[in-house]
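Every chain is numbered from 1, with letters handed out A, B, ... down the list of sequences. Predicted, not measured: the structure shown is a model, and the values here were computed from it.
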Amino acid sequence: MAAWVLHVDLDQFIAAVEVLRRPELAGRPVVVGGSGDPTRRAVVATASYEAREFGVHSGLPLRLAARRCPDAVFLPADAPAYDAASAEVMAALREFDVVVEVLGWDEAFLGATTDDPEALAADLARAVLDRTRLHLSVGIGDNKLRAKLATGFAKPAGVYRLTRDNWFEVMGGRPTEALWGIGRRTAAKLADLGLHTVRELAAADERVLARRFGPTMGPWYRTLGLGAGGTEVTASPYVARSRSRETTFQEDLTEPAEIGAAVATLARRVARDVAAEGRPAARVAVKVRFAPFFTHTRSRTLPAPTSDPDELERAAGEVLALFELTRPVRLLGVRAEFPAP
DNA sequence: TCTGGGGTCCTAGGACCC
DNA sequence: TCTGGGGTCCTAGGACCC
Ligand SMILES: Nc1ccn([C@H]2C[C@H](O)[C@@H](COP(=O)(O)OP(=O)(O)OP(=O)(O)O)O2)c(=O)n1
Ligand SMILES: [Mg+2]
Ligand SMILES: [Mg+2]
């Protein structure tokens, strides 16, 4: 029997959860995000496949989504409901004789030993569907990177296998941005070096990449082009590095007293999350986004790690005081960081 | 019609220390 | 006039992902 990495990812996850609660929405364009009011400052968290037909996707401003798809149903994001759905899905996956490494709300790597990974994938999908009524797609790979990318070709509700045998055939001609870890900015820098496709990146001179992107990222980008990567799937429990809360205001804040009060509120919410972690925070950061859209952060290592709400609130206030609050403020955020392990 | 919220990891310069 | 070499911590910002 052979070792395989499977990657499972739910289809239109939070939209699907919403449709389960409101079956009359099935087949309609559904857009989830913000408070569900498309006139407010917010973006699309996800759109149902019906809504995506209209060019609506994650990250698109809600107002624009409403413009592109006026008939869509706009719903507020309900994080606790998605947490619960996610937990059910992960529990269903753990029933199998596999190692489950949860990646986020709606996806996981599975380490499996089998001679028929497609059959396993079908069994997983069936089990999750039976238990949660949610559809998922499965990527099968000879490492995590290929399994992860395979899932994209599996959607919707399918299975796809991507290995060293078909890597260049499938990925070679695609833009570097198709790789997991290369986004718009890096793809543009690679293009400046004449590297447009996955195949070109794979054949690139490592020294050139190292000079442009540093000794860690440069060579790593080339390995992405090759489809190379780790195979180890671990079930070790997730340990948070930080907890944060942030809010974008519908109208920019200008009053220092209002700004201070908002930071204090955020700090106390963060403090609750820190307490829930059961570990003290070692550092506090405050984020301020000024109008029209300039984002800055200031941070401070605490004299000693703490979980105390009063101390965290005070620290956040002191970090806020490092800013010159000249322009109107559209977003405030507070983050607590835990000590490095 | 501007541009969410919750995260992770990397870089780079200066401080500080040996 | 030329002025080591690391290592590590601190901070700010950038990039990416779901
Ligand atoms: N910019 C983003 C991307 C995603 N999400 C949330 C909502 C998604 O439902 C969930 C999972 O992200 P996916 O990228 O897996 O997207 P979906 O599951 O919605 O769709 P797909 O079927 O393409 O996986 O994470 C978000 O809030 N903001
Ligand atoms: Mg998904
Ligand atoms: Mg996902």
Side-chain angles (χ1 to χ4, degrees), chain A residues 7 9-10 12-15 31-47 57-70 76-79 82-83 86 102-108 145 148-149 151-152 176-190 210 212-221 224 238-250 252 266 269-270 273 277 282-303 319 322-323 330-341:
Chain A
H7 175 263
D9 186 294
L10 294 162
Q12 44 184 355
F13 175 51
I14 69 176
V31 176
V32 186
S35 64
D37 177 350
T39 66
R40 290 169 65 91
R41 277 180 177 169
V43 303
V44 176
T46 205
H57 54 80
S58 296
L60 188 75
L62 279 189
R63 321 174 95 99
L64 208 45
R67 199 57 168 208
R68 290 189 186 179
C69 189
D78 177 4
Y82 315 140
D83 285 339
S86 175
V102 177
L103 261 195
W105 251 353
D106 87 323
E107 58 190 84
L145 173 66
K148 165 77 186 174
L149 291 172
T151 305
T176 56
E177 207 179 334
L179 294 166
W180 187 39
I182 296 187
R184 195 167 48 89
R185 293 268 150 74
T186 302
K189 289 177 191 167
L190 289 168
R212 182 70 182 76
F213 298 102
T216 302
M217 303 303 282
W220 180 61
Y221 290 147
L224 287 182
Y238 168 75
V239 181
R241 263 63 154 178
S242 64
R243 299 299 314 255
S244 66
R245 296 282 176 167
E246 63 185 59
T247 339
T248 292
F249 304 102
Q250 288 308 309
D252 300 340
L266 289 164
R269 290 167 66 189
V270 167
D273 298 337
E277 286 292 328
R283 211 180 145 68
V284 169
V286 173
K287 174 154 99 177
V288 180
R289 179 125 71 211
F290 296 102
F293 206 81
F294 304 110
T295 308
H296 296 272
T297 64
R298 291 285 181 275
S299 62
R300 216 187 66 186
T301 299
L302 299 170
V319 175
L322 300 174
F323 285 93
R330 66 172 281 147
L331 170 146
L332 290 170
V334 174
R335 185 175 74 246
E337 295 174 16
F338 299 106

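Counting any heavy atom pair closer than 4.0 Å across all strands shown, A/Tyr82 reaches no nucleic acid atom. A/Pro38 comes within 4.0 angstrom of no nucleic acid atom, judged by non-hydrogen atoms across all strands. Note on A/Thr247: only backbone sugar-phosphate atoms sit closer than 4.0 angstrom, heavy atoms only; bases stay farther off. No engagement by A/Ala285 is indicated, since no non-hydrogen atom pair under 4.0 Å with the nucleic acid exists. Using a 4.0 Å heavy-atom distance criterion, A/Gly34 is classed as making no nucleic acid contact. As judged by a 4.0 angstrom heavy-atom cut-off over every strand, A/Leu60 is placed among residues making no nucleic acid contact. Nucleic acid contact for A/Arg289: sugar-phosphate only, since backbone atoms but no base atoms lie under 4.0 Å from a heavy atom of the residue. Backbone-only contact: A/Gly183 has heavy atoms under 4.0 Å from sugar-phosphate atoms and none from a base. A/Asp106 comes within contact range of the sugar-phosphate backbone alone, with a heavy-atom separation under 4.0 Å but no base atom that close. No engagement by A/Leu266 is indicated, since no non-hydrogen atom pair under 4.0 Å with the nucleic acid exists.
If you check B/dT8, B/dG6, C/dC16 against the side chain of A/Arg185, the one that comes closest is C/dC16. For A/Pro215, the listed nucleotide lying nearest its side chain is B/dT11; candidates were B/dG4, B/dT11, C/dC18. Taking only side-chain atoms of A/Ser242, from C-beta outward, the nucleotide of C/dC18, B/dG4, B/dT8 with the closest atom is B/dT8. Side chain of A/Arg241, nearest nucleotide from B/dT8, B/dG6, C/dA15: B/dT8. Checking B/dT3, B/dG7, C/dC10 against the side-chain heavy atoms of A/Thr301 singles out C/dC10 as nearest. Side-chain atoms of A/Thr248 lie closest to B/dG4 of the nucleotides B/dT3, C/dA15, B/dG4.
A/Arg283 and A/Ser299 form a side-chain donor-acceptor contact under 3.5 Å, judged by distance and modelled atom types alone.
Going from the P atom of C/dG4 to that of B/dA15 covers 16 Å, rounded to whole Å.
What separates CZ of A/Arg41 from P of B/dT3 is a distance of 6 Å, to the nearest Å. In this structure, the CH2 atom of A/Trp220 is 9 Å from the P atom of B/dC10, given to the nearest Å. The separation between A/Arg40 atom CZ and B/dC2 atom P is 14 Å, rounded to whole Å. Distance CZ (A/Phe249) to P (B/dG4): 13 Å, rounded to an integer number of Å. For the pair A/Glu337 CD and B/dC10 C1', the interatomic distance rounds to 14 Å; values are reported in whole Å. Rounded to an integer number of Å, the gap from CG of A/Asp273 to P of B/dG7 is 7 Å. Remark: P of C/dC10 and CG of A/Leu302 are 11 Å apart, rounded to the nearest angstrom. In this entry the distance linking CZ of A/Arg283 with C1' of C/dC10 reads 6 Å, nearest Å.
For B/dG13, the paired nucleotide is C/dC10, the pair qualifying as Watson-Crick or G-U wobble because both relevant distances are below 3.5 Å. When both pairing distances are held under 3.5 Å, B/dC18 makes a Watson-Crick or G-U pair with C/dG5.
Checked by atom type and distance alone, the side chain of A/Arg330 never pairs as donor or acceptor with a backbone atom of A/Phe293 at under 3.5 Å. Listed for the A/Arg63 side chain is no donor-acceptor partner under 3.5 Å among the backbone atoms of A/Pro38. For A/Ser86 (side chain) and A/Trp105 (main-chain N/O), a donor-acceptor pair under 3.5 Å exists by modelled atom type. With hydrogens and angles disregarded, a donor-acceptor distance shorter than 3.5 Å links the side chain of A/Thr151 to the backbone of A/His7. Side chain of A/Ser58 to main chain of A/Ala45: a donor-acceptor pair is present (N/O by atom type, distance under 3.5 Å, no hydrogens or angles).
The aromatic ring of A/Phe293 does not sit over the base of B/dC2, since the test of centres under 5.5 Å and planes under 30° is not met.
In terms of position on DNA chain B, the residue among A/Met217 and A/Leu331 whose nearest nucleotide sits closer to the 5' end is A/Leu331. Both A/Arg335 and A/Phe213 lie near DNA chain B, and the one whose nearest nucleotide falls closer to the 5' end is A/Arg335.
Between A/Thr186 and the phosphate of C/dC16, there is a side-chain N or O to OP1/OP2 separation shorter than 4.0 Å. The phosphate of C/dG13 (OP1 or OP2) has a side-chain N or O of A/Arg298 nearer than 4.0 angstrom. In this model, the phosphate group of C/dA12 is not approached by any side-chain N or O of A/His296 to a distance below 4.0 Å at OP1 or OP2. OP1 or OP2 of C/dA12 sits under 4.0 Å from a side-chain N or O of A/Ser299. Checking the phosphate oxygens (OP1, OP2) of B/dG6, no side-chain nitrogen or oxygen of A/Arg243 falls inside 4.0 Å. Proximity of A/Tyr238 to the phosphate of B/dG7: no side-chain N or O atom is located under 4.0 Å from OP1 or OP2. Between A/Trp180 and C/dC18, a side-chain N or O to OP1/OP2 separation shorter than 4.0 Å is present. Between A/Thr297 and C/dA12, a side-chain N or O to OP1/OP2 separation shorter than 4.0 Å is absent. Within the 4.0 Å cut-off from OP1 or OP2 of C/dG13, not a single side-chain nitrogen or oxygen of A/Lys287 is found. When the side-chain nitrogen and oxygen atoms of A/Thr216 are compared with OP1 and OP2 of B/dT11, one or more of them lie within a distance under 4.0 Å. In this structure, A/Arg300 does not reach the C/dT11 phosphate: none of its side-chain N or O atoms is under 4.0 Å from OP1 or OP2. Under 4.0 angstrom from either OP1 or OP2 of C/dA15 there lies no side-chain N or O belonging to A/Arg184.
A distance of 7.5 Å separates OG1 of A/Thr46 from CD of A/Gln12, quoted to the nearest 0.5 Å. Here the CZ-NZ distance, from A/Arg245 to A/Lys287, works out to 14.0 Å after rounding to the nearest 0.5 Å.
Between A/Leu322 and the choices A/Arg300, A/Arg298, A/His296, the side chain to side chain contact (heavy atoms under 4.5 Å, CB included) rule is met once, by A/Arg298.
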